[in-house]
Amino acid sequence: MRGYTSDKEEVLKRLRRVEGQVRGLHRMVEDDEYCIDVLTQIAAATKALQAVSLGLLDGHLKHCVADALAAGGDGADAKVREASEAIARLVRS
């Protein structure tokens, strides 16, 4: 079971919202909207994706990493390293 399984519908709902925002951006560019307005909407879509990412990361830490730590061994170290690498990727983006 994945860390987001219990919140899967909420994650999908948020992703559909982001998808709609991106389609809206496409229309804005097609319609030659003002650059700053397009950039403002890009920032909103980016924030929305970041919110989804943070929610997924939270679920991963609470479920996948916590379970691995409880089990101990090499799997625990691997899950912590994997989570740290994911956090680093999010911080860089």
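FYI, side chains are in, hydrogens and waters are out, and symmetry mates aren't considered; it's all heavy atoms of this structure.
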For residues 63-78, which residue pairs pass the side chain to side chain donor-acceptor pair (under 3.5 Å) check, not counting sequence neighbours?
none

Name the atoms and distances for all side-chain donor-acceptor pairs under 3.5 Å in residues 32-61, with sequence neighbours left out.
unit_1, atom_1, unit_2, atom_2, d
T40, OG1, I36, O, 2.8
T46, OG1, I42, O, 2.8
S53, OG, L49, O, 3.0
D58, OD2, K62, NZ, 3.0

R2: which residues meet the side chain to side chain contact (heavy atoms under 4.5 Å, CB included) condition with it, sequence neighbours left out?
Y4, T5

So, for G75 and A68, which heavy atoms are closest and what is the spacing to 0.1 Å?
O-CB, 4.0 Å

The criterion is side chain to side chain donor-acceptor pair (under 3.5 Å); which residues satisfy it with K13, sequence neighbours excluded?
none

All salt bridge (Lys or Arg N to Asp or Glu O under 4.0 Å) counterparts of R23, not counting sequence neighbours
E19

Would you list the pairs meeting salt bridge (Lys or Arg N to Asp or Glu O under 4.0 Å) in which at least one residue belongs to residues 81-93, sequence neighbours left out?
K79-E82

